[in-house]
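In what follows, every heavy atom counts, from backbone to side chain, and hydrogens, waters and symmetry copies are set aside.
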Amino acid sequence: MPNALTILGVCLGLSSIKFALDLNYEMAVITIGLAAVLDTLDGRVARLVNATSKVGKELDSLTDVISFGVAPSFIMYFWTLNEIGKFGWMLVLIYTVCCALRLARFNLTTIEETEKWKINFFQGVPSPAAAGLILMPLILSLSGLIQFENKAIISSVMILITSILMVSNIPTYSLKRILIPRNLTIFLLLGIGVYISLLIFYTFQTLFLSGVIYVILIPISFFHFRYLNKKSLISTHEEEETEDVL
């Protein structure tokens, strides 16, 4: 079942490229969004049914490269980057390579038993979030909130910044690992209901606002990580001093 969700994510990623070729950018963005939802669900489902495996892990990474590396960069190329010729294609290559490097590093990352709190953070921007970030100029255009010129330049800057963030060491929140207390479940369900309603009636406006919120969370997660890391180091140092005394 989890692997089936992963394969469906691949199909959605490839379908988004087809929609972009047909100049149906609304559906291209929506299919990438659905692929991101499935990427969030497949890991949770695998853990719930105790069906995690090395094959599933590798398949998930390959899917992420296609759905959140190749597909969104192609969408942006067909939308506006082709206007700047070879430089536009170079940006597609840079972003896709950075996505592959980011996923390779993620697969090799291990967390020590004494630092379990780090499981709530990613090293660099994760590929699904990166896909959303590079699509933000297109999403903003589709939302109708602001009509802007120089789309190619704005998109180029967004892709370069996002590519750097993916392979950087900047800690970002791992939204997959958020645990909600039972007494707050009703509020979570209410929030999900409101968010889905907004997506249905104000799809691209809501997606753009979600992207803005995520960008704001990046510096917050950075300082939160530094605070927790400092706290962990102090705690470890105190434990070592206690052991020396004993």
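Within the 4.5 Å cutoff, side-chain heavy atoms of Leu140 are placed close to those of Phe148. In this structure, Leu135 and Met158 have side chains that are not in contact, with every pair of non-hydrogen atoms separated by 4.5 Å or more. The shortest side-chain heavy-atom distance between Thr6 and Leu38 does not fall under the 4.5 Å cut-off. The side-chain heavy atoms of Ser156 and Phe87, taken from C-beta on, include a pair separated by under 4.5 Å. The shortest distance between side-chain heavy atoms of Val125 and Ile218 falls below 4.5 Å. Taking the side chain as every heavy atom from C-beta outward, Lys151 and Pro137 never approach each other to under 4.5 Å. Ile32 places none of its side-chain heavy atoms less than 4.5 Å from the side chain of Leu12. Put simply, the side chain of Ile75 reaches to within 4.5 Å of the side chain of Ser16, judged on heavy atoms.
Under the 6.0 Å distance and 45° angle rule, Arg102 does not count as a cation-pi partner of Phe68.
Take Ser73 and apply the side-chain hydrogen bond (donor to acceptor under 3.5 Å, both in side chains) test, not counting sequence neighbours, and it matches Thr96. Residues satisfying the side-chain hydrogen bond (donor to acceptor under 3.5 Å, both in side chains) test with Ser210, not counting sequence neighbours, are Tyr195. For Gln123, the side-chain hydrogen bond (donor to acceptor under 3.5 Å, both in side chains) test picks out Asn169, with sequence neighbours left out. Here Asp22 pairs with Lys18 under the side-chain hydrogen bond (donor to acceptor under 3.5 Å, both in side chains) rule; sequence neighbours left out.
Interatomic distance, CD1 of Ile30 versus CG of Asn24, reported as 8.0 Å (0.5 Å rounding). Distance CD1/Ile220 to OH/Tyr173: 6.5 Å, rounded to 0.5 Å. Atom NZ of Lys86 sits about 13.0 Å away from atom CG of Leu93, to the nearest 0.5 Å. Rounded to the nearest 0.5 angstrom, Leu14 CG and Thr63 OG1 are separated by 9.5 Å. Residue Ile139 holds its CD1 atom at 11.5 Å from CG of Leu145, rounded to the nearest 0.5 Å. If you take CD1 on Ile84 and OG on Ser155, they are separated by 8.5 Å, rounding to the nearest 0.5 Å.
Nearest heavy atoms, Leu142 versus Glu26: CD2-OE2, 3.8 Å. Across all their heavy atoms, Gly9 and Ser67 have their closest contact at O-OG, 2.8 Å. Contact record, Ser168 with Arg105: O-NH2, 2.9 Å, taken as the closest heavy-atom pair. Of all the heavy atoms in Tyr77 and Trp89, the pair that sits closest is CE1-N, 3.7 Å.
No more than 12 heavy-atom neighbours from other residues, nucleotides or ligands sit within 6.0 angstrom of CZ on Arg226. Crowding of Ile186 atom CD1: a count of heavy atoms from other residues, nucleotides or ligands under 6.0 Å not exceeding 12. Surrounding CD1 of Ile146 are at most 12 heavy atoms belonging to other residues, nucleotides or ligands under 6.0 Å away.
Between Phe19 and Tyr25, the gap from one ring centroid to the other reaches at least 6.0 Å. Checked against the 6.0 Å centroid threshold, Trp79 and Phe74 do not count as a close aromatic pair.
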**Message:** Using the rule given for side chain to side chain contact (heavy atoms under 4.5 Å, CB included), can you reason through Val10 versus Leu62, listing the C-alpha separation, both sets of side-chain angles and the distance that settles it, and then say yes or no?
**Reply:** CA-CA 9 Å; Val10 175; Leu62 291 172; over 6 Å; no
**Request:** Would you please test Ile17 and Phe78 for side chain to side chain contact (heavy atoms under 4.5 Å, CB included) and show each step?
**Result:** CA-CA 9 Å; Ile17 298 175; Phe78 295 139; 4.1 Å; yes
**Request:** Kindly indicate, with the supporting measurements, whether the criterion side chain to side chain contact (heavy atoms under 4.5 Å, CB included) is fulfilled by Ser127 and Leu103.
**Result:** CA-CA 8 Å; Ser127 53; Leu103 290 165; 3.8 Å; yes
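Listed for the Thr31 side chain is a donor-acceptor partner under 3.5 Å among the backbone atoms of Ala28. Looking only at distances, a side-chain donor or acceptor of Thr80 sits under 3.5 Å from a matching main-chain atom of Ala152. A donor-acceptor pair under 3.5 Å is absent between the side-chain atoms of Ser232 and the main chain of Leu228, judged by distance alone. Within the 3.5 Å criterion, the main-chain N or O of Gly124 finds a donor-acceptor partner in the side chain of Thr172. Under the 3.5 Å distance criterion, the side-chain polar atoms of Ser163 are matched with a main-chain donor or acceptor of Ile159.
Both Ile161 and Val92 sit in one connected hydrophobic cluster of ILVMFWY residues. Membership requires side-chain heavy atoms under 4.5 Å apart, directly or through other members. Criterion: ILVMFWY side-chain heavy atoms under 4.5 Å apart, direct or through other members. Under it, Leu165 and Val212 are part of a common hydrophobic cluster. Leu138 and Ile153 fall into different hydrophobic clusters, defined by Ile, Leu, Val, Met, Phe, Trp and Tyr side-chain heavy atoms under 4.5 Å apart, directly or through other members. Val157 and Ile164 end up in different hydrophobic clusters when Ile, Leu, Val, Met, Phe, Trp and Tyr side chains are linked at under 4.5 Å.
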Distance-only criterion, 3.5 Å: show the donor-acceptor pairs between side-chain atoms of residues 198-205 and protein atoms not counting sequence neighbours.
residue, atom, partner, partner atom, Å
Thr203, OG1, Leu199, O, 2.5
Gln205, NE2, Ser143, O, 3.2

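Here Val167 is tied into one hydrophobic group with Val97, Leu101, each link being a pair of ILVMFWY side chains closer than 4.5 Å.
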